[in-house]
Participant: 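Sharing a structure here in C-alpha coordinates format.
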2 protein chains.
Amino acid sequence: MLKYNEIATEIEQDILQRNLKQGTKLPKFEELIARYKVSKSTIVKALAILESRGVIYQVQGSGVFVRRRKKYGYINMLENQGFTSDLEEFKITTKVLGVEKIFPTEEIAEYLNCAPGDSLFHVQRIRYINAQALCIEESFFKSSIVPYLNEEIANESIFNYLKSALKLKIGFSDKYLHVIKMKEAESKLLEIETGSPGLFVEELFYLNSGEPFDFSKTTYHHEHSQFFLQSSNLK
Amino acid sequence: MLKYNEIATEIEQDILQRNLKQGTKLPKFEELIARYKVSKSTIVKALAILESRGVIYQVQGSGVFVRRRKKYGYINMLENQGFTSDLEEFKITTKVLGVEKIFPTEEIAEYLNCAPGDSLFHVQRIRYINAQALCIEESFFKSSIVPYLNEEIANESIFNYLKSALKLKIGFSDKYLHVIKMKEAESKLLEIETGSPGLFVEELFYLNSGEPFDFSKTTYHHEHSQFFLQSSNLK
DNA sequence: GAGTGGTCTAGACCACCCT
DNA sequence: GGGTGGTCTAGACCACTCG
(Lines give C-alpha, C1' and ligand atoms only; values in the text may rest on other atoms or scores of the structure.)
Protein backbone atom coordinates (compact mmCIF):
# COMPACT_ATOMS: atom_id res chain seq x y z
CA MET A 1 0.00 0.00 0.00
CA LEU A 2 1.21 3.45 -0.91
CA LYS A 3 2.00 5.78 1.94
CA TYR A 4 -0.15 8.65 0.69
CA ASN A 5 -3.11 6.34 0.19
CA GLU A 6 -2.73 4.91 3.66
CA ILE A 7 -2.60 8.38 5.16
CA ALA A 8 -5.57 9.57 3.11
CA THR A 9 -7.69 6.59 4.13
CA GLU A 10 -6.73 6.97 7.74
CA ILE A 11 -7.62 10.67 7.84
CA GLU A 12 -10.93 10.02 6.09
CA GLN A 13 -11.79 7.19 8.49
CA ASP A 14 -10.98 9.45 11.39
CA ILE A 15 -13.32 12.17 10.09
CA LEU A 16 -16.15 9.70 9.65
CA GLN A 17 -15.65 7.87 12.93
CA ARG A 18 -15.40 11.03 14.97
CA ASN A 19 -18.19 12.49 12.86
CA LEU A 20 -16.38 15.81 12.49
CA LYS A 21 -18.52 18.65 11.20
CA GLN A 22 -18.01 20.85 8.15
CA GLY A 23 -15.36 23.41 8.91
CA THR A 24 -13.58 21.51 11.68
CA LYS A 25 -9.90 22.26 11.53
CA LEU A 26 -7.55 19.31 11.02
CA PRO A 27 -3.98 19.05 12.36
CA LYS A 28 -1.37 21.14 10.61
CA PHE A 29 1.22 19.76 8.20
CA GLU A 30 3.99 19.73 10.77
CA GLU A 31 1.92 17.52 13.03
CA LEU A 32 0.92 15.12 10.26
CA ILE A 33 4.54 14.86 9.16
CA ALA A 34 5.54 13.91 12.68
CA ARG A 35 2.60 11.56 13.21
CA TYR A 36 3.12 9.57 10.01
CA LYS A 37 6.88 10.01 9.79
CA VAL A 38 6.86 11.01 6.14
CA SER A 39 8.00 14.01 4.14
CA LYS A 40 5.89 17.07 3.53
CA SER A 41 5.23 16.14 -0.13
CA THR A 42 3.59 12.91 0.92
CA ILE A 43 1.19 14.79 3.16
CA VAL A 44 0.51 17.26 0.35
CA LYS A 45 -0.39 14.38 -1.94
CA ALA A 46 -2.59 12.60 0.61
CA LEU A 47 -4.52 15.81 1.23
CA ALA A 48 -4.85 16.51 -2.51
CA ILE A 49 -6.59 13.15 -2.87
CA LEU A 50 -8.98 13.89 -0.04
CA GLU A 51 -9.67 17.32 -1.48
CA SER A 52 -10.48 15.91 -4.92
CA ARG A 53 -12.84 13.41 -3.30
CA GLY A 54 -14.66 16.19 -1.49
CA VAL A 55 -13.60 15.08 1.98
CA ILE A 56 -11.65 18.19 2.98
CA TYR A 57 -10.76 21.63 1.70
CA GLN A 58 -7.50 23.46 2.12
CA VAL A 59 -7.04 27.17 2.63
CA GLN A 60 -3.62 28.60 2.04
CA GLY A 61 -2.22 30.37 5.07
CA SER A 62 -5.02 29.12 7.25
CA GLY A 63 -5.45 25.37 7.49
CA VAL A 64 -7.10 22.16 6.39
CA PHE A 65 -10.81 21.73 7.10
CA VAL A 66 -13.47 19.03 7.01
CA ARG A 67 -15.95 19.16 4.13
CA ARG A 68 -19.29 17.39 4.58
CA ARG A 69 -22.23 17.27 2.27
CA LYS A 70 -25.64 18.53 3.37
CA LYS A 71 -27.76 15.63 2.16
CA TYR A 72 -27.47 11.87 2.21
CA GLY A 73 -28.98 9.01 0.24
CA TYR A 74 -27.77 10.44 -3.05
CA ILE A 75 -25.84 8.46 -5.66
CA ASN A 76 -22.32 9.81 -6.14
CA MET A 77 -21.86 10.51 -9.82
CA LEU A 78 -18.10 10.61 -9.54
CA GLU A 79 -17.61 7.04 -8.40
CA ASN A 80 -16.58 5.46 -11.63
CA GLN A 81 -18.07 2.11 -10.83
CA GLY A 82 -21.27 0.66 -9.42
CA PHE A 83 -23.04 2.47 -6.61
CA THR A 84 -22.88 -0.61 -4.45
CA SER A 85 -20.55 1.24 -2.08
CA ASP A 86 -22.49 4.46 -2.25
CA LEU A 87 -25.81 3.75 -0.74
CA GLU A 88 -24.68 1.66 2.17
CA GLU A 89 -27.71 2.52 4.21
CA PHE A 90 -29.94 1.15 1.48
CA LYS A 91 -30.59 -2.35 0.32
CA ILE A 92 -29.65 -2.69 -3.34
CA THR A 93 -30.89 -5.82 -5.06
CA THR A 94 -30.73 -7.01 -8.63
CA LYS A 95 -32.88 -8.93 -11.06
CA VAL A 96 -30.95 -10.28 -14.04
CA LEU A 97 -33.00 -10.28 -17.22
CA GLY A 98 -30.39 -11.92 -19.40
CA VAL A 99 -26.73 -12.60 -20.06
CA GLU A 100 -25.79 -13.53 -23.59
CA LYS A 101 -22.83 -13.45 -25.93
CA ILE A 102 -23.46 -11.30 -29.01
CA PHE A 103 -21.71 -9.43 -31.80
CA PRO A 104 -21.74 -5.65 -31.54
CA THR A 105 -23.91 -3.28 -33.51
CA GLU A 106 -22.04 -0.56 -35.34
CA GLU A 107 -22.86 2.01 -32.65
CA ILE A 108 -21.45 -0.15 -29.88
CA ALA A 109 -18.42 -1.29 -31.88
CA GLU A 110 -17.62 2.39 -32.32
CA TYR A 111 -17.92 3.18 -28.62
CA LEU A 112 -15.88 0.18 -27.54
CA ASN A 113 -13.38 0.49 -30.35
CA CYS A 114 -13.98 -3.14 -31.28
CA ALA A 115 -11.70 -5.04 -33.62
CA PRO A 116 -13.57 -6.91 -36.37
CA GLY A 117 -14.88 -10.19 -34.99
CA ASP A 118 -14.82 -9.04 -31.34
CA SER A 119 -17.74 -10.46 -29.40
CA LEU A 120 -19.46 -8.98 -26.37
CA PHE A 121 -21.34 -10.03 -23.29
CA HIS A 122 -24.72 -8.37 -23.21
CA VAL A 123 -26.20 -8.05 -19.73
CA GLN A 124 -29.61 -6.66 -18.84
CA ARG A 125 -30.57 -6.03 -15.27
CA ILE A 126 -33.06 -4.21 -13.11
CA ARG A 127 -31.73 -2.79 -9.87
CA TYR A 128 -33.88 -2.16 -6.83
CA ILE A 129 -33.38 0.12 -3.87
CA ASN A 130 -35.26 -0.99 -0.76
CA ALA A 131 -37.33 -3.23 -3.06
CA GLN A 132 -38.34 -0.29 -5.30
CA ALA A 133 -37.28 -0.19 -8.94
CA LEU A 134 -34.23 2.09 -9.20
CA CYS A 135 -33.03 1.63 -12.76
CA ILE A 136 -32.83 -0.61 -15.75
CA GLU A 137 -29.40 -1.22 -17.13
CA GLU A 138 -28.04 -2.66 -20.34
CA SER A 139 -24.29 -3.33 -20.45
CA PHE A 140 -21.88 -4.57 -23.08
CA PHE A 141 -18.52 -6.04 -22.07
CA LYS A 142 -15.78 -6.78 -24.56
CA SER A 143 -15.21 -10.50 -24.28
CA SER A 144 -11.54 -10.11 -25.18
CA ILE A 145 -11.20 -8.46 -21.78
CA VAL A 146 -14.02 -10.07 -19.84
CA PRO A 147 -13.77 -13.66 -21.09
CA TYR A 148 -16.49 -15.03 -18.86
CA LEU A 149 -19.69 -13.78 -17.28
CA ASN A 150 -22.86 -15.50 -16.12
CA GLU A 151 -26.15 -14.81 -14.43
CA GLU A 152 -24.81 -15.59 -10.99
CA ILE A 153 -22.05 -13.00 -11.32
CA ALA A 154 -24.44 -10.44 -12.82
CA ASN A 155 -26.67 -10.93 -9.83
CA GLU A 156 -23.97 -9.49 -7.60
CA SER A 157 -21.63 -6.59 -8.34
CA ILE A 158 -20.05 -7.16 -11.75
CA PHE A 159 -17.36 -4.57 -11.03
CA ASN A 160 -16.31 -6.41 -7.89
CA TYR A 161 -15.93 -9.54 -9.99
CA LEU A 162 -13.87 -7.69 -12.59
CA LYS A 163 -11.57 -6.32 -9.94
CA SER A 164 -11.28 -9.31 -7.61
CA ALA A 165 -11.50 -12.34 -9.87
CA LEU A 166 -10.22 -10.93 -13.16
CA LYS A 167 -7.80 -8.48 -11.56
CA LEU A 168 -8.83 -5.77 -14.00
CA LYS A 169 -7.80 -2.24 -13.16
CA ILE A 170 -10.45 0.33 -14.01
CA GLY A 171 -8.89 3.58 -15.11
CA PHE A 172 -11.51 6.16 -15.96
CA SER A 173 -14.98 6.66 -17.39
CA ASP A 174 -17.12 8.99 -19.50
CA LYS A 175 -20.79 9.63 -18.74
CA TYR A 176 -23.36 11.28 -21.00
CA LEU A 177 -26.78 12.03 -19.62
CA HIS A 178 -30.10 13.55 -20.44
CA VAL A 179 -33.66 13.47 -19.26
CA ILE A 180 -36.20 11.45 -21.23
CA LYS A 181 -39.81 10.43 -21.36
CA MET A 182 -39.90 6.69 -20.84
CA LYS A 183 -40.95 4.38 -23.61
CA GLU A 184 -43.24 1.47 -22.98
CA ALA A 185 -40.52 -1.21 -22.68
CA GLU A 186 -38.61 0.65 -19.98
CA SER A 187 -41.60 1.87 -18.08
CA LYS A 188 -43.03 -1.64 -17.77
CA LEU A 189 -39.81 -2.95 -16.30
CA LEU A 190 -39.58 -0.04 -13.89
CA GLU A 191 -43.27 -0.40 -12.96
CA ILE A 192 -44.12 3.17 -13.89
CA GLU A 193 -46.45 4.84 -16.33
CA THR A 194 -45.30 5.13 -19.94
CA GLY A 195 -44.16 8.69 -20.65
CA SER A 196 -42.93 9.25 -17.10
CA PRO A 197 -39.68 11.18 -16.68
CA GLY A 198 -36.41 9.29 -16.37
CA LEU A 199 -32.69 9.93 -16.42
CA PHE A 200 -30.91 8.24 -19.29
CA VAL A 201 -27.18 7.68 -18.80
CA GLU A 202 -24.65 6.32 -21.27
CA GLU A 203 -21.37 5.29 -19.73
CA LEU A 204 -18.09 4.18 -21.18
CA PHE A 205 -15.53 2.53 -18.90
CA TYR A 206 -11.84 2.25 -19.66
CA LEU A 207 -9.09 0.09 -18.19
CA ASN A 208 -6.09 1.92 -16.81
CA SER A 209 -4.37 1.01 -20.08
CA GLY A 210 -6.85 3.33 -21.84
CA GLU A 211 -8.77 0.53 -23.56
CA PRO A 212 -12.57 0.83 -23.38
CA PHE A 213 -14.14 -2.42 -22.21
CA ASP A 214 -17.69 -1.67 -21.00
CA PHE A 215 -20.42 0.41 -22.55
CA SER A 216 -23.70 0.72 -20.73
CA LYS A 217 -27.06 2.45 -20.96
CA THR A 218 -29.02 2.99 -17.79
CA THR A 219 -32.46 4.50 -17.26
CA TYR A 220 -33.29 5.71 -13.75
CA HIS A 221 -36.72 5.86 -12.14
CA HIS A 222 -37.26 9.52 -11.32
CA GLU A 223 -38.94 8.91 -8.00
CA HIS A 224 -36.34 6.56 -6.57
CA SER A 225 -33.08 8.06 -7.71
CA GLN A 226 -31.17 11.21 -6.82
CA PHE A 227 -27.59 12.15 -7.47
CA PHE A 228 -24.85 14.31 -6.12
CA LEU A 229 -21.54 15.64 -7.25
CA GLN A 230 -18.79 17.51 -5.46
CA SER A 231 -16.33 19.49 -7.54
CA SER A 232 -13.14 21.20 -6.55
CA ASN A 233 -10.56 22.18 -9.07
CA LEU A 234 -7.09 20.76 -8.57
CA LYS A 235 -4.71 23.47 -7.44
CA MET B 1 1.38 32.27 -13.24
CA LEU B 2 2.41 28.97 -11.74
CA LYS B 3 4.76 26.82 -13.78
CA TYR B 4 2.64 23.70 -13.64
CA ASN B 5 -0.45 25.62 -14.70
CA GLU B 6 1.37 27.18 -17.62
CA ILE B 7 2.63 23.81 -18.76
CA ALA B 8 -0.79 22.21 -18.36
CA THR B 9 -2.49 24.95 -20.37
CA GLU B 10 0.15 24.79 -23.06
CA ILE B 11 -0.14 21.02 -23.47
CA GLU B 12 -3.94 21.22 -23.55
CA GLN B 13 -3.87 23.99 -26.17
CA ASP B 14 -1.48 21.93 -28.23
CA ILE B 15 -3.79 18.91 -28.14
CA LEU B 16 -6.77 21.01 -29.22
CA GLN B 17 -4.96 23.00 -31.89
CA ARG B 18 -3.38 19.96 -33.48
CA ASN B 19 -6.65 18.11 -32.92
CA LEU B 20 -4.87 15.03 -31.60
CA LYS B 21 -7.01 11.90 -31.41
CA GLN B 22 -7.78 9.71 -28.42
CA GLY B 23 -4.80 7.47 -27.74
CA THR B 24 -2.15 9.69 -29.36
CA LYS B 25 1.07 9.36 -27.40
CA LEU B 26 2.50 12.54 -25.93
CA PRO B 27 6.21 13.28 -25.37
CA LYS B 28 7.88 11.47 -22.50
CA PHE B 29 8.78 13.07 -19.18
CA GLU B 30 12.43 13.49 -20.08
CA GLU B 31 11.47 15.52 -23.11
CA LEU B 32 8.96 17.70 -21.27
CA ILE B 33 11.52 18.34 -18.55
CA ALA B 34 14.01 19.52 -21.18
CA ARG B 35 11.43 21.51 -23.14
CA TYR B 36 10.07 23.44 -20.16
CA LYS B 37 13.29 23.45 -18.12
CA VAL B 38 11.61 22.35 -14.91
CA SER B 39 11.98 19.46 -12.51
CA LYS B 40 10.21 16.15 -12.90
CA SER B 41 7.77 16.88 -10.07
CA THR B 42 6.48 19.93 -11.87
CA ILE B 43 5.71 17.84 -14.94
CA VAL B 44 4.06 15.23 -12.74
CA LYS B 45 1.81 17.91 -11.28
CA ALA B 46 0.94 19.49 -14.65
CA LEU B 47 -0.05 16.08 -16.01
CA ALA B 48 -2.06 15.25 -12.89
CA ILE B 49 -4.15 18.34 -13.51
CA LEU B 50 -4.76 17.43 -17.12
CA GLU B 51 -5.64 13.90 -16.09
CA SER B 52 -8.17 15.09 -13.52
CA ARG B 53 -9.74 17.33 -16.16
CA GLY B 54 -10.11 14.41 -18.54
CA VAL B 55 -7.64 15.76 -21.10
CA ILE B 56 -5.09 12.93 -20.92
CA TYR B 57 -4.52 9.59 -19.26
CA GLN B 58 -1.27 8.18 -17.98
CA VAL B 59 -0.18 4.56 -18.09
CA GLN B 60 2.68 3.56 -15.87
CA GLY B 61 5.57 2.04 -17.79
CA SER B 62 4.06 3.04 -21.08
CA GLY B 63 3.34 6.71 -21.64
CA VAL B 64 0.97 9.64 -21.57
CA PHE B 65 -1.94 9.64 -24.00
CA VAL B 66 -4.61 11.99 -25.29
CA ARG B 67 -8.14 11.50 -23.99
CA ARG B 68 -11.03 12.86 -26.05
CA ARG B 69 -14.73 12.56 -25.48
CA LYS B 70 -16.99 10.93 -28.03
CA LYS B 71 -19.77 13.51 -28.10
CA TYR B 72 -19.94 17.28 -28.14
CA GLY B 73 -22.56 19.85 -27.26
CA TYR B 74 -22.94 18.50 -23.72
CA ILE B 75 -22.75 20.63 -20.59
CA ASN B 76 -19.77 19.70 -18.43
CA MET B 77 -21.07 18.95 -14.95
CA LEU B 78 -17.67 19.34 -13.37
CA GLU B 79 -17.12 22.97 -14.23
CA ASN B 80 -18.01 24.54 -10.96
CA GLN B 81 -19.33 27.71 -12.47
CA GLY B 82 -21.60 28.80 -15.30
CA PHE B 83 -21.54 26.90 -18.58
CA THR B 84 -20.77 30.06 -20.49
CA SER B 85 -17.39 28.60 -21.40
CA ASP B 86 -18.72 25.13 -22.06
CA LEU B 87 -20.95 25.49 -25.02
CA GLU B 88 -18.83 27.79 -27.08
CA GLU B 89 -20.36 26.60 -30.31
CA PHE B 90 -23.78 27.64 -29.05
CA LYS B 91 -25.31 30.99 -28.43
CA ILE B 92 -26.31 31.33 -24.79
CA THR B 93 -28.59 34.22 -23.98
CA THR B 94 -30.31 35.31 -20.81
CA LYS B 95 -33.59 36.87 -19.78
CA VAL B 96 -33.52 38.35 -16.29
CA LEU B 97 -36.85 38.00 -14.50
CA GLY B 98 -35.83 39.86 -11.40
CA VAL B 99 -33.06 40.97 -9.05
CA GLU B 100 -34.07 41.88 -5.53
CA LYS B 101 -32.66 42.09 -2.06
CA ILE B 102 -34.43 39.78 0.41
CA PHE B 103 -34.04 38.04 3.74
CA PRO B 104 -33.48 34.30 3.62
CA THR B 105 -36.03 31.62 4.35
CA GLU B 106 -34.97 29.09 6.95
CA GLU B 107 -34.04 26.54 4.27
CA ILE B 108 -31.74 28.93 2.48
CA ALA B 109 -30.22 30.36 5.64
CA GLU B 110 -29.32 26.79 6.54
CA TYR B 111 -27.66 26.10 3.18
CA LEU B 112 -25.76 29.34 3.13
CA ASN B 113 -24.92 29.27 6.82
CA CYS B 114 -26.32 32.76 7.23
CA ALA B 115 -25.72 34.82 10.30
CA PRO B 116 -28.89 36.39 11.77
CA GLY B 117 -29.74 39.51 9.82
CA ASP B 118 -27.80 38.51 6.69
CA SER B 119 -29.56 39.61 3.54
CA LEU B 120 -29.39 38.04 0.10
CA PHE B 121 -29.66 38.95 -3.53
CA HIS B 122 -32.35 36.92 -5.18
CA VAL B 123 -31.91 36.52 -8.94
CA GLN B 124 -34.27 34.78 -11.33
CA ARG B 125 -33.27 34.14 -14.92
CA ILE B 126 -34.18 32.11 -17.94
CA ARG B 127 -31.29 30.96 -20.11
CA TYR B 128 -31.61 30.17 -23.76
CA ILE B 129 -29.46 28.06 -26.03
CA ASN B 130 -29.72 29.05 -29.69
CA ALA B 131 -32.88 30.93 -28.76
CA GLN B 132 -34.50 27.84 -27.21
CA ALA B 133 -35.31 27.73 -23.50
CA LEU B 134 -32.53 25.84 -21.73
CA CYS B 135 -33.25 26.33 -18.05
CA ILE B 136 -34.80 28.48 -15.42
CA GLU B 137 -32.57 29.45 -12.56
CA GLU B 138 -33.13 30.94 -9.14
CA SER B 139 -30.02 32.04 -7.24
CA PHE B 140 -29.36 33.47 -3.82
CA PHE B 141 -26.15 35.37 -3.11
CA LYS B 142 -25.07 36.36 0.38
CA SER B 143 -24.89 40.13 0.28
CA SER B 144 -22.10 40.14 2.86
CA ILE B 145 -19.95 38.66 0.11
CA VAL B 146 -21.67 39.99 -2.99
CA PRO B 147 -22.48 43.55 -1.89
CA TYR B 148 -23.92 44.66 -5.20
CA LEU B 149 -25.79 43.08 -8.09
CA ASN B 150 -28.17 44.45 -10.69
CA GLU B 151 -30.12 43.43 -13.74
CA GLU B 152 -27.39 44.46 -16.13
CA ILE B 153 -24.84 42.20 -14.43
CA ALA B 154 -27.32 39.33 -14.19
CA ASN B 155 -27.88 39.66 -17.90
CA GLU B 156 -24.26 38.60 -18.48
CA SER B 157 -22.26 35.97 -16.63
CA ILE B 158 -22.61 36.62 -12.91
CA PHE B 159 -19.61 34.43 -12.17
CA ASN B 160 -17.39 36.46 -14.45
CA TYR B 161 -18.46 39.54 -12.52
CA LEU B 162 -17.70 37.86 -9.19
CA LYS B 163 -14.26 36.87 -10.36
CA SER B 164 -13.25 39.95 -12.32
CA ALA B 165 -14.91 42.84 -10.58
CA LEU B 166 -15.24 41.50 -7.04
CA LYS B 167 -12.05 39.40 -7.18
CA LEU B 168 -13.81 36.52 -5.46
CA LYS B 169 -12.08 33.19 -5.58
CA ILE B 170 -14.46 30.29 -6.02
CA GLY B 171 -13.26 27.21 -4.23
CA PHE B 172 -15.62 24.29 -4.69
CA SER B 173 -19.26 23.34 -5.09
CA ASP B 174 -21.85 20.70 -4.22
CA LYS B 175 -24.58 19.68 -6.65
CA TYR B 176 -27.71 17.65 -5.87
CA LEU B 177 -29.90 16.55 -8.71
CA HIS B 178 -32.99 14.60 -9.53
CA VAL B 179 -35.51 14.29 -12.29
CA ILE B 180 -38.90 15.92 -11.86
CA LYS B 181 -42.23 16.51 -13.53
CA MET B 182 -42.51 20.23 -14.14
CA LYS B 183 -45.03 22.31 -12.30
CA GLU B 184 -47.07 24.94 -14.05
CA ALA B 185 -44.90 27.92 -13.10
CA GLU B 186 -41.71 26.40 -14.48
CA SER B 187 -43.23 24.88 -17.56
CA LYS B 188 -44.75 28.19 -18.61
CA LEU B 189 -41.40 29.93 -18.40
CA LEU B 190 -39.69 27.15 -20.30
CA GLU B 191 -42.48 27.10 -22.90
CA ILE B 192 -43.23 23.43 -22.39
CA GLU B 193 -46.26 21.42 -21.35
CA THR B 194 -46.94 21.17 -17.60
CA GLY B 195 -45.91 17.74 -16.32
CA SER B 196 -43.03 17.45 -18.78
CA PRO B 197 -39.77 15.92 -17.55
CA GLY B 198 -37.00 18.20 -16.29
CA LEU B 199 -33.74 18.02 -14.42
CA PHE B 200 -33.77 19.82 -11.11
CA VAL B 201 -30.38 20.83 -9.75
CA GLU B 202 -29.56 22.39 -6.42
CA GLU B 203 -26.09 23.87 -6.19
CA LEU B 204 -24.09 25.31 -3.37
CA PHE B 205 -20.96 27.33 -4.18
CA TYR B 206 -18.17 28.04 -1.71
CA LEU B 207 -15.34 30.55 -1.73
CA ASN B 208 -11.86 29.12 -1.42
CA SER B 209 -12.07 30.13 2.23
CA GLY B 210 -14.78 27.48 2.66
CA GLU B 211 -17.61 29.97 3.12
CA PRO B 212 -20.78 29.24 1.12
CA PHE B 213 -21.97 32.31 -0.75
CA ASP B 214 -24.36 31.18 -3.50
CA PHE B 215 -27.24 28.72 -3.41
CA SER B 216 -29.15 28.10 -6.58
CA LYS B 217 -31.97 25.97 -7.96
CA THR B 218 -32.07 25.30 -11.67
CA THR B 219 -34.60 23.40 -13.76
CA TYR B 220 -33.48 22.21 -17.19
CA HIS B 221 -35.66 21.70 -20.23
CA HIS B 222 -35.27 18.01 -21.11
CA GLU B 223 -35.19 18.52 -24.85
CA HIS B 224 -32.54 21.23 -24.91
CA SER B 225 -30.08 20.09 -22.28
CA GLN B 226 -27.61 17.24 -22.05
CA PHE B 227 -24.71 16.70 -19.73
CA PHE B 228 -21.41 14.92 -19.50
CA LEU B 229 -18.94 13.98 -16.86
CA GLN B 230 -15.48 12.49 -17.04
CA SER B 231 -14.10 10.76 -13.97
CA SER B 232 -10.65 9.47 -13.23
CA ASN B 233 -9.51 8.74 -9.73
CA LEU B 234 -6.45 10.56 -8.54
CA LYS B 235 -3.50 8.20 -8.29
C1' DG C 1 16.26 -5.82 -19.79
C1' DA C 2 15.47 -1.22 -21.54
C1' DG C 3 12.19 2.28 -21.28
C1' DT C 4 8.97 4.98 -18.92
C1' DG C 5 6.00 6.53 -15.33
C1' DG C 6 5.26 6.65 -9.98
C1' DT C 7 6.70 7.35 -5.13
C1' DC C 8 9.20 9.60 -1.73
C1' DT C 9 12.62 12.55 0.48
C1' DA C 10 14.87 16.95 2.44
C1' DG C 11 14.99 21.31 2.02
C1' DA C 12 14.65 26.16 0.01
C1' DC C 13 11.66 29.66 -0.82
C1' DC C 14 7.00 31.81 -1.89
C1' DA C 15 2.10 33.35 -0.85
C1' DC C 16 -1.54 34.02 1.83
C1' DC C 17 -4.23 34.58 6.38
C1' DC C 18 -4.80 36.45 10.75
C1' DT C 19 -4.13 39.11 14.86
C1' DG D 1 5.15 39.37 11.76
C1' DG D 2 4.27 34.70 12.97
C1' DG D 3 1.81 30.78 11.31
C1' DT D 4 0.47 27.83 7.76
C1' DG D 5 -0.15 26.05 3.25
C1' DG D 6 1.85 26.00 -1.78
C1' DT D 7 5.55 25.61 -5.26
C1' DC D 8 9.62 23.82 -6.92
C1' DT D 9 14.02 21.36 -7.10
C1' DA D 10 17.46 17.36 -7.54
C1' DG D 11 17.88 13.01 -6.99
C1' DA D 12 17.22 8.11 -5.27
C1' DC D 13 14.67 4.23 -5.88
C1' DC D 14 10.36 1.52 -7.17
C1' DA D 15 6.86 -0.60 -10.48
C1' DC D 16 4.93 -1.48 -14.57
C1' DT D 17 4.99 -2.38 -19.82
C1' DC D 18 6.69 -4.08 -23.86
C1' DG D 19 9.50 -6.13 -27.24
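Protein chains get the first letters and strands the later ones, always in sequence-line order, with residue 1 at the start of each.
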Participant: Only counting residues at least two apart or in another chain, list the ones meeting ring pair (Phe, Tyr, Trp, His ring centres under 6.0 Å) with B:Y4.
Facilitator: none
Participant: Report which part of the nucleic acid B:Q60 touches: base, sugar-phosphate, or nothing (heavy-atom distance under 4.0 Å, all strands).
Facilitator: base
Participant: Could you check A:S62 against B:E30 and say which one's nearest nucleotide on DNA chain C is further toward the 5' end?
Facilitator: B:E30
Participant: Answer yes when A:K142 and A:E211 have at least one side-chain N-carboxylate O distance shorter than 4.0 Å, and no when they do not.
Facilitator: yes
Participant: Which label fits B:F213 and B:F141: parallel for a plane angle under 30°, tilted from 30 to 60°, or perpendicular past 60°?
Facilitator: tilted
Participant: For DNA chain C, determine which residues of residues 38-48 of chain B have any heavy atom closer than 4.0 angstrom to one of its atoms, and list them numerically.
Facilitator: B:K40
Participant: Take B:G61 and A:P27, find for each the nucleotide of DNA chain D with the closest heavy atom, and name the residue whose nucleotide sits nearer the 5' end.
Facilitator: A:P27
Participant: Which residues pass the ring pair (Phe, Tyr, Trp, His ring centres under 6.0 Å) test with B:Y111, not counting sequence neighbours?
Facilitator: B:F215
Participant: Between A:Y148 and A:F121 (judged by ring centroids, cut-off 6.0 Å), do the two rings come close enough to count as a pair?
Facilitator: no
Participant: Considering only residues two or more places apart or on different chains, which pairs with a residue in residues 104-118 of chain B satisfy salt bridge (charged side-chain N to carboxylate O under 4.0 Å, His left out)?
Facilitator: B:E107-B:K217
Participant: Would you grab the first and last nucleotide of DNA chain C (5' to 3') that comes under 4.0 Å of any non-hydrogen atom in chain A?
Facilitator: C:dT7 to C:dC17
Participant: Output a table of donor-acceptor pairs, distance under 3.5 Å, between side-chain atoms of residues 47-65 of chain A and any protein atom two or more places apart or on a different chain; print 'none' if there are none.
Facilitator:
residue : atom : partner : partner atom : Å
A:E51   : OE1  : A:Q58   : NE2          : 3.1
A:E51   : OE2  : A:Q58   : N            : 3.4
A:E51   : OE2  : A:K235  : NZ           : 3.3
A:S52   : OG   : A:I49   : O            : 3.0
A:R53   : NH1  : A:E12   : OE1          : 3.0

Participant: Grab the CZ-P distance between B:F29 and D:dA15 for me, whole Å please.
Facilitator: 17 Å
Participant: Taking ring pair (Phe, Tyr, Trp, His ring centres under 6.0 Å) as the criterion, tell me which of A:Y72, A:Y74, A:F227 meets it with B:Y176.
Facilitator: A:Y74
Participant: Rounded to the nearest angstrom, tell me the gap between atom CG in A:N208 and atom P in D:dC16.
Facilitator: 10 Å
